[in-house]
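Heads up: numbering here begins at 1 and tracks the sequence.
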Amino acid sequence: YKFVQPPENLGKPRENIVLNVGRFTKLKRQDFLIKIFPKIKKEVDNAKLILAGFPDGRHKEFYEDLLKKVEKYKDIEVYPNPSDEELVKLYSSAKVFCHPRIGEHFGLSLIEAMSQGTPVVTYSSGGTRETVSHGKEGYLARNDEEFLKYTVNTLKMKDKEWIRMQ
């Protein structure tokens with residue numbers, strides 16, 4: 001299992017990469033991340049957004065619409081169907097893992113991100129509030145405004161504070 005090994009760059013600063021991993025469906029809310037990305041860029045001008053995941057034939061229209069929205073941004077990338085090796089590289093390169101689904105049952109991608117030293121921003125609902133300790137290895141947002149605030153705050157953290165959160 002690729003995610004058991006800690007990343008080689010544990011304890012070292014990372015680029016301002018915001019990562020999301022999941023099936024490309026409306027429930028996972030990748031479109032929300034695209035929507036708030038200009039606000040993130042306003043605060044952290046060198047931020048990048050990476051959306052990695054798996055197209056779902058049942059949600060083809062959502063995925064195609066997502067690709068169209070991404071076209072107008074030079075700092076947003078989409079990685080369809082990543083291998084486990086690619087996911088490990090993405091997780092271990094990101095500064096923050098954003099999981100905007102509300103009411104996620106468990107959130108395996110959060111565990112994978114944290115295993116690679118990536119702090120998490122998610123919602124305080126469903127099983128994710130049992131997976132993430134607010135302020136320790138990530139943040140639990142109560143609404144979209146807090147989600148944006150915690151994402152920006154994580155990107156702007158001083159290295160020492162961010163490394164402690166790893």
Side-chain angles (χ1 to χ4, degrees), residues 3 6-7 9-54 66 69-70 73 75-79 82 86-166:
F3 302 99
N9 64 349
L10 192 65
K12 296 177 183 161
R14 297 183 183 175
E15 288 182 63
N16 286 321
I17 296 173
V18 177
L19 176 64
N20 171 268
V21 175
R23 284 182 305 115
F24 291 110
T25 70
K26 190 156 187 69
L27 281 175
K28 299 291 185 179
R29 299 183 73 210
Q30 292 97 341
D31 54 340
F32 168 72
L33 291 175
I34 295 168
K35 180 181 174 183
I36 67 169
F37 188 66
K39 294 176 182 178
I40 293 170
K41 289 287 284 182
K42 189 175 182 179
E43 297 287 328
V44 183
D45 66 342
N46 64 345
K48 296 177 186 173
L49 173 61
I50 296 177
L51 304 172
F54 307 91
L66 203 67
K69 288 177 182 174
V70 166
Y73 297 98
D75 291 327
I76 300 179
E77 298 175 36
V78 176
Y79 282 85
E86 290 170 314
L87 284 175
V88 167
K89 286 179 185 175
L90 290 170
Y91 284 129
S92 64
S93 67
K95 192 161 186 182
V96 61
F97 180 80
C98 287
H99 189 74
R101 171 146 190 229
I102 298 169
E104 180 70 62
H105 302 294
F106 176 71
L108 182 59
S109 60
L110 279 73
I111 302 295
E112 292 173 347
M114 290 186 292
S115 80
Q116 297 305 302
T118 307
V120 171
V121 175
T122 189
Y123 284 87
S124 183
S125 65
T128 59
R129 70 174 170 234
E130 297 173 19
T131 306
V132 177
S133 300
H134 183 75
K136 187 174 179 184
E137 64 273 332
Y139 294 102
L140 296 168
R142 292 175 295 196
N143 54 50
D144 289 350
E145 187 177 295
E146 278 190 2
F147 192 96
L148 173 62
K149 179 183 90 171
Y150 291 139
T151 300
V152 169
N153 288 351
T154 304
L155 291 171
K156 292 173 111 178
M157 274 182 187
K158 300 218 180 300
D159 290 342
K160 187 176 180 180
E161 184 182 355
W162 181 84
I163 288 168
R164 180 190 55 78
M165 188 168 270
Q166 276 193 301

Can a donor-acceptor pair be found, under 3.5 Å and without considering hydrogens, that links the side chain of T118 to the backbone of V96? no

Check: W162 side chain, T154 main-chain N or O, donor-acceptor pair, under 3.5 Å: no

Parallel, tilted or perpendicular: which one describes the rings of Y123 and F147, with boundaries at 30° and 60°? parallel

Using a strict 4.0 Å threshold on nitrogen-to-oxygen distance, state whether K149 and D144 make a salt bridge. no

Looking at K41, I'd like to know if its NZ atom is crowded, meaning that more than 12 non-hydrogen atoms belonging to other residues, nucleotides or ligands lie closer than 6.0 Å. yes

Which of parallel (below 30°), tilted (30 to 60°) and perpendicular (above 60°) describes Y139 and Y150? parallel

Taking Q116 for its side chain and E112 for its backbone only, find out whether a donor-acceptor pair lies under 3.5 Å. no

For E15, is there an ion pair with K48 - N to carboxylate O distance below 4.0 angstrom? yes

Rounded to the nearest 0.5 Å, what separates atom CG in L140 from atom OG in S125? 9.0 Å

Flag, side chain of E161 to backbone of M157, donor-acceptor distance under 3.5 Å: no

For F97 and V21, what are the C-alpha separation, side-chain angles and deciding distance, and is it a side-chain contact (heavy atoms from CB on, under 4.5 Å)? CA-CA 8 Å; F97 180 80; V21 175; 3.9 Å; yes

Evaluate the side-chain proximity of N16 to K95: yes if any heavy-atom separation is below 4.5 Å, no if none is. yes

K28 (side chain) donor-acceptor with G22 (main chain) under 3.5 angstrom: no

Please report the interatomic distance NZ(K89) to OH(Y79), rounded to the nearest 0.5 Å. 10.5 Å

Salt bridge (Lys or Arg N to Asp or Glu O under 4.0 Å) for R101 and E104? Distances and angles first, verdict last. CA-CA 6 Å; R101 171 146 190 229; E104 180 70 62; 3.7 Å; yes

Quick one: does E146's side chain get under 4.5 Å of V121's, heavy atoms only? no

Has N20 got a side-chain atom pairing as donor or acceptor with C98's backbone, closer than 3.5 angstrom? yes

T122 (side chain) donor-acceptor with T128 (main chain) under 3.5 angstrom: no

Side chain of N9, backbone of S92: donor and acceptor closer than 3.5 Å? yes

Once rounded to the nearest 0.5 Å, what's the spacing between atom CG of L33 and atom OG1 of T151? 7.5 Å

Passes side-chain contact (heavy atoms from CB on, under 4.5 Å), I40 versus L155? Steps please. CA-CA 9 Å; I40 293 170; L155 291 171; 3.7 Å; yes

Side-chain touch R14/P7, heavy atoms, less than 4.5 angstrom: yes

For residues F54 and F24, establish whether the separation of their ring centroids is below 6.0 Å. no

